[in-house]
S.K.: 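To start, I am sharing the structure in question, which I have written as structure tokens.
First the proteins, then the strands, lettered A, B, ... as listed; each starts at 1.
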Number of protein chains: 2
Amino acid sequence: MMFCCSPVTRQPLSAQEADELARVFKAVGDPVRLRLLSLIAAHAGGEACVCDLTGAFELTGPTISHHLKVLREAGLIEGERRATWIYYRVRPQLLRQLSDVLVPDPAGVRA
Amino acid sequence: MMFCCSPVTRQPLSAQEADELARVFKAVGDPVRLRLLSLIAAHAGGEACVCDLTGAFELTGPTISHHLKVLREAGLIEGERRATWIYYRVRPQLLRQLSDVLVPDPAGVRA
DNA sequence: CTGGTAGTTCGACGTGTGTCAAACCAATGA
DNA sequence: TCATTGGTTTGACACACGTCGAACTACCAG
């Protein structure tokens, strides 16, 4: 992930930065994916296997799998197979970057 | 906006919270809207008229207008007409909420 | 009132996306 | 080796979304 830490409110984003950022925000711009992210992050041990996740939704396996893939390709989570199960964990660095980039300027810093 | 301040990583989002949050993240999940938000926020005085914005893109007026409407309906910006021009300004409260909700837990807080 | 500029709304069109069923791959266990 | 369970991939379909041109509204200047 190439964009860096200066908030969106500081100076105008370049088209490139905007493209990269938008890709990630689009990934969290879906209620199912947000809940998946939240379920994984808040799960005991910081990780959850897919079998823990599918039960929380009225959606089929393939659909959950699709959303996990979107989150994975956005860099928000990573998965690891252990024996029969695949465990997902969130990648806090990217989450932190997203959080930082949205922080509003303290009033009056701009000209 | 009804969702509140506890980070997504703390405890699983309810379906309702996820819906509301996703609506807003979807609004920032587009490169043009991200740049618009950034242009408005970083503009001198904290506001910009539409005429300041359209020139920054290779897009027609109606398209810019459409994206501004999406940002407006998401609660991220607000517009005010003064004489011939309409000035947009970002609403920092919502930006702050989005930022807060994405902050990762300090390691080891969860069980 | 007429003309001109700023901006939005409307209607249409092509592409992207969420969903599912069916087929497939990986690991375990008789 | 075969059957079973966990997950992903593929293909198809309906709907949402980004974009544009054209029509429209709001304001200002003669």
S.K.: If you walk 5' to 3' along DNA chain C, what is the first nucleotide with an atom under 4.0 Å of a heavy atom in chain A, and what is the last?
M.R.: C:dT17 to C:dT28
S.K.: Over how many whole Å does the gap from A:R72 atom CZ to D:dT8 atom C1' extend?
M.R.: 8 Å
S.K.: Apply side chain to side chain contact (heavy atoms under 4.5 Å, CB included) to the pair A:R89 and A:I77, showing each step before the final yes or no.
M.R.: CA-CA 5 Å; A:R89 185 180 5 270; A:I77 62 175; over 6 Å; no
S.K.: What nucleic acid atoms does B:S65 come within less than 4.0 Å of, heavy atoms only: base, sugar-phosphate, or nothing?
M.R.: base
S.K.: For residues A:Y88 and A:I40, report the shortest heavy-atom separation together with the two atoms involved.
M.R.: O-CG2, 3.3 Å
S.K.: Rounded to the nearest Å, what distance is computed from the CG atom of residue B:L71 to the P atom of nucleotide D:dG18?
M.R.: 10 Å
S.K.: Quick one: closest heavy-atom pair of B:P104 and A:P92, and the distance?
M.R.: CG-O, 3.5 Å
S.K.: When the distance from CG of A:D30 to P of D:dC15 is rounded to whole Å, what number comes out?
M.R.: 18 Å
S.K.: Contact class for A:Y88 (heavy atom, under 4.0 Å): base, sugar-phosphate, or nothing?
M.R.: sugar-phosphate
S.K.: Give the minimum heavy-atom separation between A:L102 and B:L102, together with the two atoms involved.
M.R.: CD1-CD1, 4.4 Å
S.K.: From NE2 of B:H67 over to C1' of D:dT19, roughly how many Å is that when rounded to an integer?
M.R.: 8 Å
S.K.: Does CD belonging to A:Q16 count more than 12 external heavy atoms closer than 6.0 Å?
M.R.: no
S.K.: Carefully, step by step, assess B:E47 and B:R82 under the rule side chain to side chain contact (heavy atoms under 4.5 Å, CB included).
M.R.: CA-CA 12 Å; B:E47 61 181 17; B:R82 290 209 294 278; 2.6 Å; yes
S.K.: Mapping B:I64 and A:H66 onto DNA chain C by nearest heavy atom, which one lands closer to the 5' end?
M.R.: B:I64
S.K.: On DNA chain C, compare the nucleotides closest to A:G29 and A:A83; which residue's is nearer the 5' end?
M.R.: A:G29
S.K.: Please determine if a side-chain N or O atom of B:R33 lies less than 4.0 Å away from the OP1 or OP2 oxygen of D:dG18.
M.R.: yes
S.K.: Does the pair B:E78 and B:R72 meet the rule for a salt bridge (Lys or Arg N to Asp or Glu O under 4.0 Å), with working shown?
M.R.: CA-CA 6 Å; B:E78 56 189 358; B:R72 205 187 326 129; over 6 Å; no
S.K.: Send over the distance from B:E58 CD to D:dG18 P, rounded to a whole Å.
M.R.: 19 Å
S.K.: D:dT8 P sits how many Å from A:R81 CZ, rounded?
M.R.: 8 Å
S.K.: Report the residue (A:T54 or B:V70) whose heavy-atom-nearest nucleotide on DNA chain D is the more 5′ of the two.
M.R.: A:T54
S.K.: CG of A:L53 versus P of D:dG6: gap in Å, rounded?
M.R.: 14 Å
S.K.: Report yes if a side-chain nitrogen or oxygen of B:T63 is closer than 4.0 Å to either non-bridging phosphate oxygen (OP1 or OP2) of D:dC20; otherwise report no.
M.R.: yes
S.K.: Could you state the atom-to-atom distance from NZ of A:K26 to P of D:dA16 in whole Å?
M.R.: 17 Å
